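Structure first, commentary second.
Side-chain atoms are counted along with the backbone in the values below, which use heavy atoms only and exclude waters and symmetry mates. In this text the structure is predicted, and so the values were computed from the model without any measurement.
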Amino acid sequence: MSRWMQGLRELKGYPSAVGGLGIILFLVALSLYTVITIPYSEALDRWRGGDHWQMNPVNAGPVWADRLLGGNLPQTRVVESDNADVREAPFEGGKQVRIPLTFEYDNEGFPSELNLFLNQKGTQQEAFVRLTWHTPSGETISLGGRRVSEEDRISISQNRALEGRLGMVPHVGLFAGDSGPADSKAEQGEYRLTVDAMLFDPGAELEADLAVYGQVHGLAGTDYQRRNLMLALMWGTPVALAFGLLAAVGTTLTTLVIAATGVWYRGWVDALIQRLTEVNMILPMLPILVMVGTLYSTSIWLMLGVVIALGIFSAGIKTYRAMLLPIREAPYIEAARAYGAGNARIILRYMIPRILPVLIPTFVTLIPTFVFLEASLAVLGLGDPELPTWGKVLNDAQEQSALYNGFYYWVIAPAVLLMLTGLGFAMFGFALDRIFNPRLRTQ
């Protein structure tokens with residue numbers, strides 16, 4: 001125990017150990033915060049997409065990156081009818097409703113999309129709505145009319161008739177002003193979308209929400225399904241650490257116990273273990289995992305089990321065997337046998353603890369190896385499709401040609417977290433190696 005405490009005190013003298021430990025603690029803290037604030041079931045439900053993200057823009061970059069470069073790209077604005085001055089005029093068999101959705105637009109860049117969400121309550125009858133757009137310069141533009149059901153979405157950006165009249169996509173033309181988009185600047189000021197609705201039921205109510213989608217969103221941006229990438233970056237942290245830690249613990253402990261068992265019993269037991277190890281050493285792990293994921297299942301827990309199973313008889317057994325052979329002949333082992341200690345007690349209590357300090361650095365640096373393995377499988381399309389992970393984000397970016405389309409944030413964020421994980425464990429593991437391995441103390 002004193003050796004362990006002394007080693008921990010020596011860590012303060014290694015800046016790499018302090019830096020690596022700081023990175024690891026940051027990742028652990030982020031994992032705990034993520035698991036507490038976003039429960040597992042909720043994270044899975046959100047990552048499947050759907051209406052939860054309907055107010056997010058598509059393929060929007062992070063806000064901080066735009067502001068860091070001195071930009072002022074617009075963020076998403078949602079104008080709700082709850083805050084509007086709604087007017088109603090009843091008539092026989094229904095009523096007429098006018099909903100003015102007013103907002104200030106102070107950005108030079110144009111929105112990325114315009115959608116109007118309508119929700120009619122208290123009736124099964126379809127309503128008829130007519131939309132009118134008012135610009136800061138006083139121009140009035142008719143957006144047409146249509147019938148709407150209980151819940152409906154009007155995509156103003158995809159109105160082809162309006163696009164033909166404006167000569168450009170609606171979400172640009174409606175904000176271009178009199179000068180047109182030649183200067184690539186939107187007209188700033190107060191805009192208003194007036195929703196005139198005919199409700200054919202006196203008890204009907206109509207809610208309207210106008211989404212003026214921006215070009216930037218949040219700390220991590222969004223993907224092609226409007227999902228906030230911050231969810232995957234946050235939940236990818238506990239998934240990566242759990243996978244790496246469980247795989248490292250499972251392979252290291254089982255390999256160590258098997259190696260010690262072979263050294264202690266020797267004979268055919270040791271020979272069998274060595275032959276199995278030599279066969280397993282020539283088996284390529286990644287192709288086997290690819291085959292399992294392609295032919296059976298891509299569940300992350302199945303992949304974890306296969307990784308541990310393939311890592312049991314790894315090359316580490318030969319290293320551990322070489323370290324344990326002199327320990328088997330040590331005097332204290334003979335003393336233990338003399339007072340009647342059993343085989344299991346000698347292996348677990350007297351042999352294995354003697355080499356644990358030397359193995360801890362190797363164990364620490366092994367964790368990011370499995371983290372990168374899990375990410376590699378996901379990038380190849382063999383990751384768990386239900387889990388939001390760093391590798392899954394990279395896979396989606398690859399499939400959507402993110403780099404080709406200029407969505408660099410989509411690739412950079414998960415790649416930085418992967419490199420940060422590897423750097424943190426590598427720095428901490430190398431420092432531990434210098435402390436617990438006497439041969440490296442003077443280097």
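A salt bridge links Glu329 with Arg266: the closest approach of a Lys/Arg side-chain nitrogen to an acidic carboxylate oxygen falls below 4.0 angstrom. Salt bridge annotation for Lys121-Glu150: absent, with no cationic side-chain nitrogen under 4.0 angstrom from a carboxylate oxygen.
At least one side-chain heavy atom of Ile99 sits less than 4.5 Å from a side-chain heavy atom of Leu206. Using a 4.5 Å heavy-atom cutoff, the side chains of Leu245 and Phe363 are in contact. Looking at heavy atoms from C-beta onward, Leu256 lies in side-chain contact with Leu356 at the 4.5 angstrom threshold. No side-chain heavy atom of Leu229 sits less than 4.5 Å from a side-chain heavy atom of Thr222. Inter-residue side-chain proximity for Ile156 and His171 is flagged as unmet; no heavy-atom pair is nearer than 4.5 Å. Considering only heavy atoms from C-beta on, Val79 stays 4.5 Å or farther from Asp209 through its side chain. Counting only heavy atoms from C-beta outward, the side chains of Tyr320 and Leu359 approach each other to under 4.5 Å.
Arg77 and Asn107 share a side-chain donor-acceptor pair at under 3.5 Å. A donor-acceptor pair shorter than 3.5 Å can be found between the side chains of Asn115 and Ser155.
Using cut-offs of 30° and 60° for the angle between ring planes, the Phe103 and Phe175 rings count as tilted. The aromatic rings of Phe407 and Trp410 sit tilted, their planes meeting at an angle between 30° and 60°.
For Glu163, the salt bridge (charged side-chain N to carboxylate O under 4.0 Å, His left out) partners are Arg160, not counting sequence neighbours. Asp270 pairs by the salt bridge (charged side-chain N to carboxylate O under 4.0 Å, His left out) definition with Arg321, not counting sequence neighbours.
Between the side chain of Arg226 and the backbone N or O of Trp53 there is no donor-acceptor pair closer than 3.5 Å.
Checking each of Glu374, Lys392, Gln398 against Val379 for a side chain to side chain contact (heavy atoms under 4.5 Å, CB included) leaves exactly one that passes, namely Gln398.
When ring centroids are compared, Trp64 and Tyr409 stay outside the 6.0 Å threshold.
More than 12 non-hydrogen atoms from other residues, nucleotides or ligands lie less than 6.0 angstrom from CZ of Arg67.
Cation-pi check for Arg328 over Tyr350 is not met; the charged atom does not lie both under 6.0 angstrom from the ring centroid and within 45 degrees of its normal.
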